[in-house]
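Input: a single structure, listed below in structure tokens.
If you're wondering where the values come from, they're calculated on a predicted model, not measured in any experiment. Heads up: numbering here begins at 1 and tracks the sequence.
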Amino acid sequence: MKSGGKTPGRAEPQRQKREPPGRPAIALAARKLFVERGYAGTTIEAIAQASGYAAPTVYFHFGSKAAIVGYLIDEMEAGDIVPVFQKAMQQVNPLRMLEGTARIARISCEKWWDVYQVVRSAGRADAALSKASKKLDSGRLYGLRICAEALERSGHLRTGLDATRATDIMWALASEDAYQRLVVERGWTQDEFEAWLGNSLKRELLRRR
């Protein structure tokens with residue numbers, strides 16, 4: 001997988017089509033350097049050199065390293081999360097809806113794990129990145145709540161379970177921590193993780209037929 005590369009057959013976000021070409025190139029260069037040197041060890045000057053732009057151009061487009069990370073998060077959401085989420089929420093079958101939730105958890109970690117790591121680790125010491133971390137969490141929690149409320153309205157949640165508790169269950173199961181434990185530490189494949197998560201969500205949330 002090429003970090004930050006285009007996915008074949010997927011249209012680029014409209015925002016990306018309208019923006020100056022320098023922004024994606026700078027963000028991609030920064031992302032690679034964050035992996036190689038760490039967030040704190042990466043300077044704007046190094047990003048400029050790696051991207052082929054002058055440092056003032058990097059500042060003009062982003063202003064800070066934290067803004068670059070925010071841009072990468074926006075790219076993740078627009079390109080890889082929102083399309084899958086919208087498709088999942090169009091499903092009448094609750095099984096397919098929860099499979100979509102598992103798919104989102106798999107894709108976001110599989111393709112953007114390095115960005116998650118930057119936000120979580122460096123965010124402890126960087127106020128701007130801490131805000132990005134909270135934004136990431138609030139966006140994920142919002143999507144899970146929308147899914148849980150849809151399941152509740154359609155009468156698919158198991159007896160005694162409401163949308164609030166269902167959201168909490170999804171929050172715990174479809175978490176970065178679960179991915180970290182099973183895929184990164186225990187060596188599960190991406191397919192195994194997605195299948196386990198989908199089955200776990202169905203078992204914990206849905207009425208038994």
Side-chain angles (χ1 to χ4, degrees), residues 1-13 31 34-35 69 72-121 132-133 135-154 156-158 161 163-209:
M1 178 192 73
K2 294 183 179 179
S3 298
K6 298 177 184 177
T7 302
R10 191 191 73 205
E12 296 179 77
R31 182 177 178 180
F34 292 154
V35 172
V69 175
L72 291 171
I73 292 173
D74 289 342
E75 289 294 286
M76 173 179 66
E77 292 177 345
D80 291 311
I81 295 179
V82 172
V84 180
F85 176 76
Q86 291 176 337
K87 183 177 180 180
M89 293 309 298
Q90 292 171 356
Q91 299 294 325
V92 176
N93 188 326
L95 301 179
R96 303 291 88 77
M97 188 182 297
L98 292 178
E99 286 168 4
T101 300
R103 182 70 176 170
I104 290 171
R106 180 245 179 99
I107 291 175
S108 60
C109 288
E110 180 181 16
K111 298 183 66 175
W112 298 89
W113 186 247
D114 58 309
V115 175
Y116 276 111
Q117 293 296 91
V118 167
V119 172
R120 300 311 190 197
S121 59
S133 181
K135 175 187 175 184
L136 200 58
D137 285 340
S138 64
R140 187 165 70 92
L141 190 59
Y142 172 80
L144 295 176
R145 185 171 65 249
I146 293 298
C147 181
E149 290 173 349
L151 291 172
E152 183 179 49
R153 284 194 306 271
S154 60
H156 290 300
L157 290 182
R158 61 179 171 80
L161 193 64
T164 299
R165 184 54 58 90
T167 300
D168 293 343
I169 291 172
M170 286 192 284
W171 175 262
L173 290 175
S175 65
E176 299 163 46
D177 185 64
Y179 183 89
Q180 168 83 26
R181 295 285 185 260
L182 298 177
V183 177
V184 178
E185 296 178 9
R186 299 300 302 165
W188 284 30
T189 68
Q190 305 292 341
D191 288 341
E192 288 171 337
F193 173 75
E194 183 179 347
W196 166 82
L197 179 55
N199 290 332
S200 297
L201 290 171
K202 296 169 190 175
R203 183 175 59 251
E204 292 295 325
L205 299 179
L206 301 180
R207 290 179 179 273
R208 296 186 182 275
R209 297 186 177 183

Pairwise distance [atom1]([X]) to [atom2]([Y]) - rounded to 0.5 angstrom:
X      : Y      : atom1 : atom2 : result
Trp112 : Glu77  : CH2   : CD    : 10.0 Å
Met97  : Lys202 : CE    : NZ    : 12.5 Å
Leu95  : Asn93  : CG    : CG    : 4.5 Å
Asp114 : Phe34  : CG    : CZ    : 10.0 Å
Leu161 : Asp168 : CG    : CG    : 9.5 Å
Met76  : Ile107 : CE    : CD1   : 11.5 Å

List the atom of [X], the atom of [Y], and the distance in Å for their closest heavy-atom pair.
X      : Y      : result
Gln180 : Gln117 : OE1-OE1, 4.4 Å
Glu176 : Asp137 : OE2-OD1, 4.5 Å
Ala178 : Leu173 : CB-O, 3.4 Å
Lys111 : Arg31  : O-NH2, 2.6 Å
Ala102 : Leu197 : CA-CD2, 3.7 Å
Ala163 : Ala148 : O-CB, 3.5 Å

Residues which pass ring-ring contact (aromatic ring centres under 6.0 Å, His included) with Tyr116, listed by chain and number, not counting sequence neighbours: none
Min side-chain heavy-atom separation Glu110-Asp80 under 4.5 Å: no
Step-by-step side-chain contact (heavy atoms from CB on, under 4.5 Å) determination, Leu141 to Thr167: CA-CA 8 Å; Leu141 190 59; Thr167 300; 3.7 Å; yes
Criterion side-chain contact (heavy atoms from CB on, under 4.5 Å) on Val118 and Leu72, from CA distance to verdict: CA-CA 11 Å; Val118 167; Leu72 291 171; over 6 Å; no
Candidate pair Met170 and Leu98, rule side-chain contact (heavy atoms from CB on, under 4.5 Å), full reasoning: CA-CA 9 Å; Met170 286 192 284; Leu98 292 178; 4.1 Å; yes
Exam field: side chain Arg158 to backbone Leu206, donor-acceptor pair closer than 3.5 Å: no
Exam field: side chain Glu194 to backbone Arg106, donor-acceptor pair closer than 3.5 Å: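 Judged by distance alone, no pair lies under 3.5 Å.
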Electrostatic pair Asp177-Arg120, nearest N-O below 4.0 angstrom: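 No salt bridge links Asp177 with Arg120.
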Trace of the side-chain contact (heavy atoms from CB on, under 4.5 Å) decision for Met89 with Ile146: CA-CA 9 Å; Met89 293 309 298; Ile146 293 298; 3.7 Å; yes
Partner residues of Arg153 under the side-chain contact (heavy atoms from CB on, under 4.5 Å) criterion, sequence neighbours left out: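 With sequence neighbours excluded, Arg153 shows a side-chain contact (heavy atoms from CB on, under 4.5 Å) to Glu149, Ala150, given in chain and number order.
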Parallel, tilted or perpendicular, as decided by the 30° and 60° cut-offs, for the rings of Trp113 and Tyr179: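 Because their plane-to-plane angle lies in the 30° to 60° range, the rings of Tyr179 and Trp113 count as tilted.
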